[in-house]
Amino acid sequence: MRYWHNIPLVLFTLVMPGIVIGYSLNYEGGGRFLLSIIVLSIITLGFAGLHLGQPAAAPMALQHIRRSWLSREMLFFTLFLSGLCLQWLFQSLRNPLWAVAIILLGLAGTVATIMVYRRIPRMGRWPIWSDFLLEAWFIGILLGKNGNVSAVTVAIILKSVKDIVVSMQLIRRDGNHIWILPVLNAAFFAILTVTLKTLWPVPLAVLNSVIFRVTFFTRIDQPTLAQTAAELRKHYLPAEYQKYFSIRKTDQN
Amino acid sequence: MSKYYWLINLDRCVGCETCVIACKQENDLLTGVQYRKLYEINPEQYPDYPTFRISRSCQHCENPACLQGCPVQAYTQQAGIVFHDPTVCIGCKYCLWVCPNDAPQYVPAKGKVEKCNLCIRRLKQGLQPACVEACPTGALQLLENLPESSELLSELPGFPAQQTRAKVRFINKRRPGGKRGEKS
């Protein structure tokens, strides 16, 4: 599959914002919880570094904070992780004030992540804000409140609402009715969870999140000239002939 | 700032891809790496409708998205040319995503991005870029200063480069709904 190289970013964009929300829901969770999210953050950030062509040079990405959202994203999440580590090391920092500061850094990192992808021209129609933020809440509740059955039930329902909202926006913006499938899927999850009072959809819902995000990154890798071809067809061709026309890029030499 | 403009004559391009090959030879590119690509719209040449061939490479935009988004400041802009410094590139591929012209190319073998530098070495010798010199029909030209001309189009419908103010102009005299080859 030609999009395997984006899997580190799929996990990063799902897990890191979820860690921020999970921590904010359970910032008094104690040393064990703190250690677990620190380890998860380190694994996620490290795995995301594998996306780079030069992973060892990752710290250089902090050079352009003035204009680059990618630099800002790295800065805020690095500070977020540092704050968590300091809080785990020093008992005196386990107070609401420090927790708020860490949460704000994490939220800033999440916003920076959204802005990184929002500036990509071909993603202009994807409802990035609702997709990323609602997905963060779903993952965050699973991480922060995983012992609370009611909270996890709410998380699955929230996930279903997010899938429905995002899919309906995509149908409206893209005109592509294939997005009705996640809507039906989400409705199925929500109904099962509420009526049967079971949590078995959780792994499937997480898998659904991964697939959704893979679709997002699949679109990022598409060439931009597809839009030009569509506009030129509209401009020069009668509607009934437009479906016969295609665009071809030269094969790589 | 604005000095060099690409001029693409859509009526003259025959899709020979000589510009693509000349660029690869000049820059000694690896297999799978192309600074310049040719896009054919209506390659089947369905009768009565025009076939568009657009030769695209880096447009050296006035407001380049790659320069703004790069986290290591690998991009600089001098004399209207956007340069990429591969020595500082970390291969994050963000420039590939934000570029509306698909100009930067990620080279897996090197773990870095590369792109067209307008054959700066040739320009300094008073020569045209390799792609321009190789074009047999004169469909691809490099203008040093933009002339006043009503036949130069700053945009094609849907051409995704206007937010970055791409330095490209088109000549396209075929009218909507006209027969292939007919000009207005």
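Because only heavy atoms are used, hydrogens play no part in the values below, and waters and symmetry mates are left out as well, while side chains stay in. Convention: sequence-line order gives letters A, B, ...; per-chain numbering from 1.
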> Is the ring pair A/H51/B/W97 parallel, tilted or perpendicular, if the boundaries are 30 and 60 degrees?
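Ring orientation, 0 to 90° scale: tilted.
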
> Please look at B/L96 and chain A and tell me whether the side chain, the backbone, both or neither of the residue comes under 4.5 angstrom of a heavy atom of that chain.
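Answer is backbone: N, CA, C or O of B/L96 sit under 4.5 Å from chain A.
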
> Below 4.5 Å, heavy-atom pairs only: which of B/G69, B/P71, B/G91 has the largest tally toward chain A?
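Among the listed options, the one with the most contacts to chain A is B/P71.
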
> Could you tell me which portion of B/V107 (side chain, backbone, both or neither) has an atom closer than 4.5 angstrom to a non-hydrogen atom of chain A?
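Neither part.
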
> Quick one: does NZ or CZ of B/R56 land under 6.0 Å from the six-membered ring centre of B/Y39, within 45 degrees of the ring axis?
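Positive - B/R56 is close enough to the ring of B/Y39 and near enough to its axis.
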
> Look at the rings of A/W126 and A/F212 and say which category their plane angle falls in: under 30° parallel, 30 to 60° tilted, over 60° perpendicular.
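Geometry flag for A/F212 against A/W126: perpendicular rings.
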
> Shorter than 4.5 Å, heavy atoms on both sides: which option in B/I90, B/L29, B/V72 has the most such pairs with chain A?
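Looking at each of B/I90, B/L29, B/V72 in turn, B/I90 comes out on top.
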
> Kindly give the heavy-atom pair with the smallest separation between A/P127 and A/Q169, and that separation in Å.
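Closest pair (atom of A/P127, atom of A/Q169, distance): CB-OE1, 3.0 Å.
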
> For A/L9, which atoms come within 4.5 Å of any heavy atom of chain B: side chain, backbone, both, or neither?
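For A/L9, the side chain is the part near chain B, not the backbone.
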
> Would you call the rings of B/W6 and B/H60 parallel, tilted or perpendicular if under 30° counts as parallel and over 60° as perpendicular?
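Plane angle between 30° and 60°, so tilted.
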
> Among A/S71, A/A61, A/A56, who wins on heavy-atom pairs under 4.5 Å with chain B?
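Going by pairs under 4.5 Å, I would pick A/A61.
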
